[in-house]
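When reading the values below, keep in mind they use all heavy atoms of this one structure, side chains included, and skip hydrogens, waters and symmetry mates.
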Amino acid sequence: MAERSFKAEVEDLRLGQGETFTGEGILAITKALLENGVGYVGGYQGAPISHLMDVLADAEDLLTELGVRYEANANEAAAAAMLAASVHYPIRGAVTFKGSVGVNVASDALANLASSGVNGGALIIVGEDYGEGSSIMQERSHAFAMKSQFWLLDPRPNLPCITKAVKDGFELSEASNTPVMLMVRIRSCHVTGSFTTRDNQRPPLTVRDALSNPQSDFARVVLPPMSFSHEQDKIKNRWPAAERFVVDNGLNEVFGPANAPVGIVLQGGMYNGVIRALQRLGLADLYGNSQVPLYVLNVTYPLVSEEFHRFCEDKRHILVVEEGQPEFIEQQLSTFLYRKGSSVMLHGKDIFPMAGEYTGQVMLDSLSAFLKQAAPDMLPALVRAPNEERPEIPDLTKTVPIRPPGFCTGCPERPIFAAMKLVQQETGKLQITADIGCHLFGSLPPFEVGGATMGYGLGPAANAAFDGGGERRAISIIGDGGFWHNGLSSSFTNMAFNKSDSVAVIVDNYYSAATGGQDIMSSRADNPTKATKHPISKALRGIGIDYVVEVDRTYDVGRMRDVLREALTTDTPGPKVIVASSECMLNKQRREKPLAAKAIREGRRVEAPRFGIDEDICTGDHACIRLSGCPSLSLKRLDDPLRDDPVASIDQSCVGCGNCGEVADAAVLCPSFYRADVVHNPTKREARLAAFSARVTTWLQARRAAKRLTFEVPA
Amino acid sequence: MTLQDSFTPKPDPALGGIIKLAILAVGGQGGGVLTGWIEAVARSSGYAAQATSVAGVSQRTGATVYYVEMAPMLATGAMPVFSLQPAAGDVDIMITAEMMEAGRSIIRGFVTPDRTTLITSTHRALAVSEKMVPGDGIADSAEVLAAAEIAARRVIAADFDALAIAQGSVISASLLGALAASATLPFPRGAFEAAIRAGGKGLEASLRAFAAGFDAATTPQAQNAEAAAKPAPEPRGPANLLAEWQRLESRAKAMPAPVAELALPGLQKVVGFQSLAYGADYLTRLETVLATDTPAKSFALSREAAKYIANAMAYDDVIRVADLKTRGTRFDRITREMGVKDRNVMHLTEFFHPRAEEIAGMLPARLGARIQSSPKAMARLTRWFDKGRRLRTDSLPAFLTLYLIGGLRFWRPRTLRHAQEMAHLENWLALALTTAARNYDLAVEIVKCRRLVKGYSDTHARGLSKFDRVLDAIALIAHRDDAPDWARRLREAALKDEEGKALNGAIATIKSFA
């Protein structure tokens with residue numbers, strides 16, 4: 001069901017000892033899990049680790065062969081809670097979700113897990129969504145490792161290092177009885193490369209075996225007084241054990257000359273960026289041999305003071321390369337130096353920008369600035385005194401429009417927001433909250449519907465202050481993914497229990513569409529290993545919400561608008577919920593396009609709809625676009641010297657979803673839209689009837705044309 | 001401090017072998033496929049390669065960056081350390097799959113004169129902010145192309161999107177062709193084609209698009225041929241009408257050149273809309289304006305009048321829409337555009353939503369006016385007619401209905417709508433002419449304000465109200481020397497947004513000093 005199939009790539013997961021794997025980082029991590037005898041895996045999808053979940057789902061056969069249990073968890077909290085299996089049993093487990101939002105959701109379970117401690121290796125693989133292309137608030141997962149005291153790996157971003165980190169992570173976890181978080185940044189997840197594979201390992205103890213021989217130990221339960229001893233255990237035993245393991249196994253790396261007056265301490269994930277900047281300064285070669293000493297923290301928590309002090313020996317200036325804020329590592333290293341009474345100068349966020357991604361330019365500028373200050377002789381003359389004249393490049397910032405993500409061509413959510421905009425034209429602006437998912441694009445132009453998002457599954461909960469109702473009811477929007485993730489409990493039971501007088505719209509596009517089409521409870525598809533086809537409306541009725549209106553074709557803008565209007569004005573007490581369902585067009589097209597092409601080839605009857613615009617009738621006001629924003633509905637300039645403004649135009653990518661026609665009708669816009677359904681392999685009767693109609697219309701058209709003047713450009 | 005020997009910077013000669021290539025695409029353009037091909041070409045040619053991308057939400061129509069680095073593989077097998085992201089001033093090849101993305105790559109500093117070859121498609125995928133403007137909000141591609149010429153070491157620009165579509169493929173294939181042709185990568189054409197072949201899907205079309213991209217990049221001039229002037233529309237019809245047309249046409253041609261240039265298409269528009277007699281009316285109106293005009297101002301007033309009187313006279317009514325919808329040339333055009341083949345059948349559905357106003361507008365002027373002033377009668381019309389209608393113009397009943405309405409041109413002059421439109425036209429023209437005597441430039445601006453009246457139903461009403469508000473505001477400052485400039489600003493403000501926020505602001509400014 002997922003947007004991208006990894007069936008072909010999954011074969012690479014069977015590679016054995018000494019073979020070479022070439023592919024994406026996320027797939028390499030999956031392979032490493034199998035090589036390290038993982039016993040169970042799970043997680044919750046979300047960029048940038050959605051593909052990891054898709055790979056696991058596609059690899060379920062292989063996992064089963066190896067005796068590995070795969071769970072598509074309901075949310076990140078459920079995924080983290082699953083690691084409880086490693087508390088008592090010597091079974092390696094791994095879960096994955098995105099950071100920092102997934103970690104937020106999972107933090108309750110993670111805190112308990114960290115307190116209990118683990119027996120088997122527990123690995124949390126976090127796709128850190130920070131910087132360019134990020135879809136979430138800019139925060140660091142690092143803080144969670146610090147507050148709950150589990151260990152954080154941030155390996156150098158290449159496949160051999162990332163896969164080694166999986167192995168190191170399990171071993172570190174077992175050596176220190178502490179869960180370990182492996183952080184991979186968004187670019188590392190998608191980085192391509194190669195590594196040498198090992199044979200997959202069956203877990204020495206499978207979860208099935210463990211079930212036959214249950215274990216428990218109340219000392220592991222987070223209850224007083226055991227919880228107090230957990231804290232002592234963390235500090236007195238687990239932490240020193242982790243430090244010992246990190247040092248003994250050389251998890252952190254030192255590169256460059258042994259003796260130098262300056263050095264750079266960096267997160268593993270920053271390594272390639274630092275090397276590139278050094279390469280550009282002439283201080284590193286193609287293969288990363290640096291002339292400046294580097295202390296690479298593949299383990300960013302805990303920091304090992306003795307190792308750090310050893311690196312600082314004989315150095316005057318140290319630069320910390322730590323992306324994001326607050327600067328946890330720099331603060332800790334400062335403390336180390338201060339406690340030791342060291343005179344080493346520590347730099348970091350005084351040179352680097354406090355906030356934002358460390359892009360190539362930031363890295364180059366900051367390393368140059370550091371070296372200028374700390375070791376000016378190291379810099380090439382060019383950097384010290386650049387005298388090259390650069391041509392003035394015209395400023396295009398006012399010309400180039402921003403391009404935020406938006407609804408795809410034919411998206412079934414577009415008509416919902418068109419309807420909401422129409423309703424607001426009647427009622428005036430409404431209080432609207434949104435959730436996480438594609439529907440959040442509705443808050444952008446041209447719709448500008450929805451003004452807040454408080455987290456996944458929390459759309460209706462975010463309107464709770466307005467549950468008492470008022471002159472005009474508040475509306476909240478939530479997706480089907482959000483509904484099953486957390487929405488049913490946090491948003492809808494909240495509404496039901498508090499007798500909310502608000503309206504909630506559930507955007508149901510048949511699966512978790514925004515994260516790539518993963519199945520959820522209400523998916524329409526058959527899934528051999530998951531329970532699907534459980535209607536959202538049934539769940540709502542189950543918690544006592546009776547006002548549930550189902551719209552099974554969101555493209556009916558008129559009905560959407562009427563249903564919304566009714567929910568806003570009805571006398572029915574309690575929550576008013578609209579379930580608006582139509583399948584995600586992106587995935588639907590991927591599935592159906594090849595099928596339709598095949599059917600046409602095989603001579604079966606197929607109707608292919610597409611919209612068009614009569615440019616003579618379009619007046620160039622673009623009201624239709626303000627109710628659409630569809631990528632295939634665009635503008636074109638006409639050759640007509642009498643026309644000032646470009647007219648609307650629909651390109652080939654149109655999938656004929658119907659929004660244009662519906663909007664033209666519901667908003668009483670203009671008659672320039674038409675829908676052309678090309679019928680492939682029509683029936684004989686149909687073809688005969690069409691031919692007859694065509695004969696009559698052609699005759700009539702010719703008759704009229706013969707009696708008047710027309711002005712047409714000769715074809 | 002004393003530095004050790006090892007600390008003198010020693011740039012690595014091997015660094016020259018790295019090639020850094022970035023791709024900026026709009027989600028859904030196949031940037032990932034293109035990246036995969038480039039990686040495959042590099043690896044199969046004995047290079048070490050690394051690719052990254054920032055996907056996630058951006059795959060849904062936002063701007064997406066892909067990045068590839070490659071370097072010759074050493075015999076020792078040592079792996080180069082590649083960067084995971086492009087850096088400003090450090091990109092050798094920049095491929096942008098859309099014109100404004102080329103602009104974005106320049107803004108981000110990825111295109112520099114010392115090293116960057118910019119391969120860009122010149123087509124536009126308009127951003128929502130450009131499309132939703134009620135007027136013309138399309139960003140200027142020429143400006144970006146001019147900047148590219150300065151910013152890049154070399155620019156390869158063509159409409160790679162159209163090239164690919166013409167071959168039944170997608171832009172990633174034609175861009176790969178352009179990349180191969182640019183000779184910026186040390187790999188032969190065959191290596192690129194082999195990468196496409198290894199992919200498997202839509203192979204033949206991809207290879208054709210690749211070849212088209214390759215050719216366009218090697219002979220970029222060929223691209224400009226399509227910009228050649230399109231032939232002018234020609235009159236067709238019975239001989240007696242054509243003879244009468246010739247007379248009108250020569251009247252229009254006799255006007256000063258700047259006016260005739262627009263009077264001819266204007267005349268065609270009104271004659272096509274109604275009749276030759278109506279065309280004669282048009283010329284008479286225009287000649288009235290021309291009589292007051294002066295060559296000193298290059299007949300600017302008449303030139304604008306030629307355009308906007310035609311637009312005002314050929315207003316959008318039900319008869320015109322029905323006529324346009326039932327023309328044979330339209331059916332031919334749609335059949336062509338939709339790629340309908342002989343064996344196919346095409347259904348054609350039109351979306352109409354007539355309101356009481358349109359129905360009343362079709363009635364004789366007096367009766368229509370009476371009904372329009374009676375809320376009760378209008379409510380009845382609304383009940384009878386006001387609903388969305390989907391007409392299948394490929395079927396006889398719907399076609400005949402529209403055909404009959406389209407044939408009502410003889411009836412049009414008697415209708416309420418016609419009376420309203422003519423009254424509006426005369427008022428506006430009279431205002432322009434009286435203003436011209438006092439302030440010529442302001443009169444030109446007033447004529448141009450007719451641009452604000454467009455659309456159907458609510459949109460039309462909104463356009464009319466903006467037109468009225470702009471003219472009212474102009475009246476406030478008509479006595480000032482800078483009135484023409486204010487009039488222009490008012491008009492432009494009115495075209496900025498739907499709700500008229502910019503216009504309200506402009507009017508408030510005027511009121512503050514008027």
Check your understanding: Which bit of L276(B) is near chain A, if near means a heavy-atom gap under 4.5 Å: side chain, backbone, both or neither?
Key -> side chain
Point to revise | Engaged part of L633(A) at the chain B interface, taking heavy atoms whose separation is under 4.5 Å | key: backbone
Check your understanding: Which atoms of R343(B) come close to chain A, meaning under 4.5 Å heavy atom to heavy atom: side chain ones, backbone ones, both, or neither?
Key -> backbone
Check your understanding: Of the backbone (N, CA, C, O) and the side chain (C-beta and beyond), which part of L635(A) lies under 4.5 Å from a heavy atom of chain B, both, or neither?
Key -> both
Check your understanding: Checking heavy atoms, do the side chain of L348(B), its backbone, both or neither come under 4.5 Å from chain A?
Key -> both
**Study point:** Contacting region of S672(A) [heavy-atom separation from chain B under 4.5 Å]
**Key:** backbone
Exercise for review: Would you mind checking which part of V68(B) comes under 4.5 Å of any heavy atom in chain A, side chain (CB onward), backbone (N, CA, C, O), both or neither?
Suggested key: neither
Point to revise | Proximal component of E662(A), with respect to chain B [non-hydrogen, under 4.5 Å] | key: both
Review point. Any side-chain heavy-atom pair from P641(A) and K307(B) closer than 4.5 angstrom?
Key: no
**Study point:** Ionic contact status for K448(B) with D644(A), cut-off 4.0 Å
**Key:** no
Revision key, fill the gap. Whatever's closer than 4.5 Å to a heavy atom in chain A on S129(B) counts as side chain
Study note, to complete from the structure: Under 4.5 Å to a heavy atom of chain B? For P48(A) that would be neither
Check your understanding: Side chain, backbone, both or neither: which part of A71(B) has a non-hydrogen atom closer than 4.5 Å to chain A?
Key -> side chain
Review point. Is there a donor-acceptor contact under 3.5 Å from the side chain of Q85(B) to the main chain of Y358(A)?
Key: yes
Exercise for review: Go through the structure and list residues passing side chain to side chain contact (heavy atoms under 4.5 Å, CB included) with C411(A), not counting sequence neighbours.
Suggested key: F407(A), E413(A), R414(A)
Point to revise | Contact class of L126(B) relative to chain A, heavy atoms under 4.5 angstrom | key: both
Review point. Between L84(B) and chain A, which part of the residue has a heavy atom less than 4.5 Å away: side chain, backbone, both or neither?
Key: both
Point to revise | Sidechain-backbone polar pair: S50(A) side chain, T515(A) backbone, donor-acceptor under 3.5 Å | key: yes
Check your understanding: Contact part of T698(A) toward chain B, heavy-atom cut-off under 4.5 Å: side chain, backbone, both or neither?
Key -> neither
Exercise for review: With a 4.5 angstrom heavy-atom cut-off, could you sort out which part of K707(A) is near chain B: side chain, backbone, both or neither?
Suggested key: backbone
**Study point:** Ion pair check, E357(A) and R187(A), cut-off under 4.0 Å
**Key:** yes
Point to revise | Which residues share a salt bridge (Lys or Arg N to Asp or Glu O under 4.0 Å) with E498(B), sequence neighbours left out | key: R626(A), R462(B)
Review point. Between T329(B) and chain A, which part of the residue has a heavy atom less than 4.5 Å away: side chain, backbone, both or neither?
Key: side chain
Study note, to complete from the structure: Whatever's closer than 4.5 Å to a heavy atom in chain A on M338(B) counts as both
**Study point:** Leading residue by heavy atom contact count with chain B [cutoff under 4.5 Å; candidates D285(A), D621(A), I625(A)]
**Key:** D621(A)
Check your understanding: Under 3.5 Å, side chain of K325(B) to main-chain N/O of P671(A), donor-acceptor pair present?
Key -> yes
Point to revise | Portion of E337(B) that has a non-hydrogen atom of chain A nearer than 4.5 angstrom | key: both
Practice item. Please look at F611(A) and chain B and tell me whether the side chain, the backbone, both or neither of the residue comes under 4.5 angstrom of a heavy atom of that chain. Key: both
Practice item. Could you tell me whether the side chain of D677(A) and the main chain of A608(A) form a donor-acceptor pair under 3.5 Å? Key: no
Review point. Can E350(B) and R675(A) be counted as an ion pair, charged N to O under 4.0 angstrom?
Key: no
**Study point:** Part of A690(A) within contact of chain B (heavy atom distance under 4.5 Å)
**Key:** side chain
Check your understanding: Heavy-atom distance under 4.5 Å to chain A: side chain of V318(B), backbone, both or neither?
Key -> neither
Exercise for review: Sort F399(B) into side chain, backbone, both or neither according to what part of it lies under 4.5 angstrom from a heavy atom of chain A.
Suggested key: side chain
Check your understanding: Which atoms of R637(A) come close to chain B, meaning under 4.5 Å heavy atom to heavy atom: side chain ones, backbone ones, both, or neither?
Key -> side chain
Practice item. Could you look at L242(B) and say if it's the side chain, the backbone, both or neither that has a heavy atom under 4.5 Å from chain A? Key: both
**Study point:** Under 3.5 Å donor-acceptor, Y67(B) side chain and S53(B) backbone
**Key:** no
